[in-house]
Amino acid sequence: MSRERRQTERLMNLLIALRAARGWTDRDQLRRSIEEYAQLDDVAFDRQFSRDKATLEELGIAISSTAWDDPFTGDTGYGYRIEDEGYALTRLDFTPAEAAVVSVAQSLLSGTALAADARSALNKLRGLGEGFEAPAADREVEAQVPTTVAGTAFAGLLRAVADRRCVVFDYRPPGREPARRTLEPYALLTRGDRSYVVGRDVDRDALRTFRLSRITGRVSRAPRRRDGDYRIPEDFSAAAHLPQDRAPEQVGEPGRRGRTTAHEVVLAVAPDRALPLREAARGTVPPVPAESPTIPTGWDVLSLGVDDLDAFAHRLLDFSPSVVVLGPHALLRTHVDLLRRTAAALEEAHDG
């Protein structure tokens with residue numbers, strides 16, 4: 001039997017013994033009733049029992065204790081029990097907004113390795129009633145959760161952030177071959193239809209932000225590293241480390257409304273996709289340039305002001321295949337060239 005399983009069984013037996021007793025249970029009774037305790041000498045039993053009490057209390061189970069003088073031996077006796085107040089789960093009350101956030105979080109994890117756990121948790125919460133009812137089959141869902149959360153990468157990095165676990169993975173920048181990265185992850189962020197992990201790039205000794213959809217293969221534990229062996233700076237702000245090209249005012253991004261820009265770009269965008277581009281688009285529907293690519297049925301035509309066509313072409317790779325460049329021709333040509341180079345790099349990496 002593994003060490004973890006022995007510990008789990010011992011803690012369960014201790015929990016059952018303290019909950020089942022009607023009064024106080026002294027140390028000798030516990031030692032006789034729990035097999036693993038009975039095999040220990042006095043010193044080892046004291047240490048193990050103290051560790052097990054601490055573990056249960058860390059799990060939120062309060063253990064009450066008392067002491068008394070034994071009139072026959074003159075020694076001090078100690079008793080323990082777990083009362084209802086220290087064991088029963090307090091009532092969980094969710095506001096409608098909080099319930100909505102939990103439901104959206106479950107939807108967000110639906111395409112990841114955490115999907116089963118998230119679904120099970122939400123089903124249990126639905127037993128509380130108001131706010132967690134399952135949506136009717138014929139009821140239209142008002143908001144769709146992004147579907148590009150990059151399943152296994154998101155789940156692995158979520159655990160890594162929680163455990164402060166240094167990880168390694170292969171990362172593919174646009175138009176380049178994948179390269180191995182070692183990261184101490186600080187936080188996960190989702191904005192629009194994209195998700196990022198922010199942390200310290202160990203090899204470069206600097207904070208870096210990585211888009212999850214560009215992580216290829218598995219996210220693995222870094223060799224010769226232990227969970228919790230690094231600290232997150234107290235002044236760290238995850239939002240401050242989102243890629244700069246996310247902000248509309250940056251070079252190569254759609255310009256701010258009302259600000260003069262060097263180029264007008266016309267795009268066709270798939271329904272409910274490329275939210276950052278939609279937010280930066282101008283309010284009027286632009287004319288489609290002559291000899292533009294065919295616009296897929298149901299796609300929207302957007303117009304944006306851009307300062308740097310080359311930088312914007314690189315940024316559009318993030319939205320492929322949900323965007324078609326309609327104009328100007330120089331942007332279309334650069335964008336198609338970048339797509340071909342990216343596909344060639346991926347094919348070469350796969351063959352190698």
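For this chain, numbers begin at 1 and follow the sequence in order.
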Q: Taking only residues two or more places apart in sequence or in another chain, which ones pass side chain to side chain contact (heavy atoms under 4.5 Å, CB included) with Leu189?
A: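 Counting only residues at least two positions away or on another chain, Leu189 forms a side chain to side chain contact (heavy atoms under 4.5 Å, CB included) with Val198, Ala238, Leu242.
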Q: Return the CZ to OH distance between Arg211 and Tyr196, rounded to the nearest 0.5 Å.
A: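 These two atoms lie 5.5 Å from each other.
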Q: Report the C-alpha distance between Glu184 and Arg164 in whole Å, list the side-chain angles of each, state the deciding distance to 0.1 Å, and finish with yes or no for salt bridge (charged side-chain N to carboxylate O under 4.0 Å, His left out).
A: CA-CA 7 Å; Glu184 295 174 351; Arg164 283 191 289 123; over 6 Å; no
Q: Is it true that Asp227 and Arg221 make a salt bridge, defined as a side-chain N closer than 4.0 Å to a carboxylate O?
A: yes
Q: Under the side chain to side chain donor-acceptor pair (under 3.5 Å) rule, collect the residues that match up with Asp163, sequence neighbours excluded.
A: Arg165
Q: Are Val168 and Leu158 co-members of a hydrophobic cluster defined by side-chain heavy atoms under 4.5 Å apart?
A: no
Q: Applying a strict under-4.5 Å side-chain criterion to I, L, V, M, F, W and Y, I'd like to know whether Trp68 and Leu18 cluster together.
A: no
Q: Residues two or more places apart in sequence or in another chain: which of them pass salt bridge (charged side-chain N to carboxylate O under 4.0 Å, His left out) with Arg19?
A: Asp84
Q: With sequence neighbours left out, what residues match Ser303 under side chain to side chain donor-acceptor pair (under 3.5 Å)?
A: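 Scan of Ser303 (side chain to side chain donor-acceptor pair (under 3.5 Å), adjacent residues dropped) gives Glu264.
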Q: Go through Thr66 and Tyr78 one step at a time and tell me if the side chain to side chain contact (heavy atoms under 4.5 Å, CB included) criterion holds.
A: CA-CA 6 Å; Thr66 189; Tyr78 297 93; over 6 Å; no
Q: Go through it in stages, so that I can follow the logic: the residues are Val202 and Leu183, the test is side chain to side chain contact (heavy atoms under 4.5 Å, CB included), and I'd like the CA-CA distance, side-chain angles, deciding distance and then a yes or no.
A: CA-CA 6 Å; Val202 175; Leu183 183 72; over 6 Å; no
Q: Stepwise, does the side chain to side chain contact (heavy atoms under 4.5 Å, CB included) test hold for Val325 with Val266?
A: CA-CA 7 Å; Val325 176; Val266 183; over 6 Å; no
Q: Kindly work out whether a path of hydrophobic side-chain contacts (I/L/V/M/F/W/Y, heavy atoms less than 4.5 Å apart) joins Ile63 to Leu30.
A: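 As far as the 4.5 Å side-chain criterion goes, Leu30 and Ile63 are connected within one cluster.
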Q: Which residues pass the ring pair (Phe, Tyr, Trp, His ring centres under 6.0 Å) test with Phe49, sequence neighbours left out?
A: Phe45, Tyr80
Q: By side chain to side chain donor-acceptor pair (under 3.5 Å), which residues pair with Glu36, not counting sequence neighbours?
A: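 For Glu36 the side chain to side chain donor-acceptor pair (under 3.5 Å) partners, ignoring immediate neighbours, are Arg10.
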Q: Within the side chain of Thr334, is there an N or O that forms a donor-acceptor pair under 3.5 Å with the backbone of Leu331?
A: no
Q: Is the shortest side-chain N to carboxylate O distance from Glu9 to Arg5 below 4.0 Å?
A: yes
Q: Roughly how far apart are Leu267 CG and Leu316 CG, rounded to 0.5 Å?
A: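 Taking CG in Leu267 and CG in Leu316, the distance rounds to 6.0 Å.
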Q: Roughly how far apart are Leu40 CG and Glu35 CD, rounded to 0.5 Å?
A: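 So the CG of Leu40 and the CD of Glu35 are separated by 11.0 Å.
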Q: Suppose we screen for side chain to side chain donor-acceptor pair (under 3.5 Å). Which residues come up paired with Arg204, at least two apart in sequence or across chains?
A: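 Applying side chain to side chain donor-acceptor pair (under 3.5 Å) to Arg204 gives Asp201.
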Q: Could you check whether atom CZ of Arg51 has more than 12 heavy atoms from other residues, nucleotides or ligands sitting under 6.0 Å from it?
A: yes
Q: Among side-chain atoms of Asn13 and Tyr37, is any donor-acceptor pair under 3.5 angstrom?
A: no
Q: If every non-hydrogen atom of Pro185 is compared with every non-hydrogen atom of Cys166, which pair is closest and at what distance?
A: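 Result for this residue pair: CD-CA, 4.3 Å.
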Q: Between CD of Glu83 and OG of Ser64, what distance do you get to the nearest 0.5 Å?
A: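 If I round to the nearest 0.5 Å, the distance is 4.0 Å.
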Q: Taking all heavy atoms of Ile82 and all of Ala62, pick out the closest pair and write down the distance.
A: CG2-O, 3.8 Å
Q: Per the salt bridge (charged side-chain N to carboxylate O under 4.0 Å, His left out) rule, what does the pair list look like for residues 294-303, sequence neighbours excluded?
A: Arg278-Asp300
Q: Kindly compute the distance separating CD (Gln48) from CG (Leu14), expressed to the nearest 0.5 Å.
A: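 Result: 10.0 Å between the selected atoms.
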Q: Could you state the interatomic distance from CG (Leu338) to CG (Leu317), rounded to the nearest 0.5 Å?
A: 5.0 Å
Q: Holding to ring pair (Phe, Tyr, Trp, His ring centres under 6.0 Å), I want the full list of residues that pass it with Tyr171, two or more places apart in sequence or in another chain.
A: Phe210
Q: Could you pull out all residues at least two apart from Arg31 that satisfy salt bridge (charged side-chain N to carboxylate O under 4.0 Å, His left out)?
A: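 Expected list: Asp42.
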Q: Any donor-acceptor pair under 3.5 Å linking the side chain of Tyr230 with the backbone of Arg200?
A: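 No.
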Q: Could you report the tightest heavy-atom contact between Thr25 and Ala17, atom names first, then the distance?
A: OG1-O, 4.2 Å
Q: A quick test of your reading: do over 12 heavy atoms of other residues, nucleotides or ligands sit less than 6.0 Å from CZ of Arg180?
A: yes
Q: May I have all residue pairs that pass salt bridge (charged side-chain N to carboxylate O under 4.0 Å, His left out) and include part of residues 321-338, sequence neighbours excluded?
A: Asp337-Arg341
Q: With sequence neighbours excluded, tell me which residues meet ring pair (Phe, Tyr, Trp, His ring centres under 6.0 Å) with Phe236.
A: Tyr186, His241
Q: The test is side chain to side chain contact (heavy atoms under 4.5 Å, CB included); show your working for Arg181 and Asp203 and say whether it passes.
A: CA-CA 7 Å; Arg181 297 297 184 93; Asp203 299 323; 5.5 Å; no
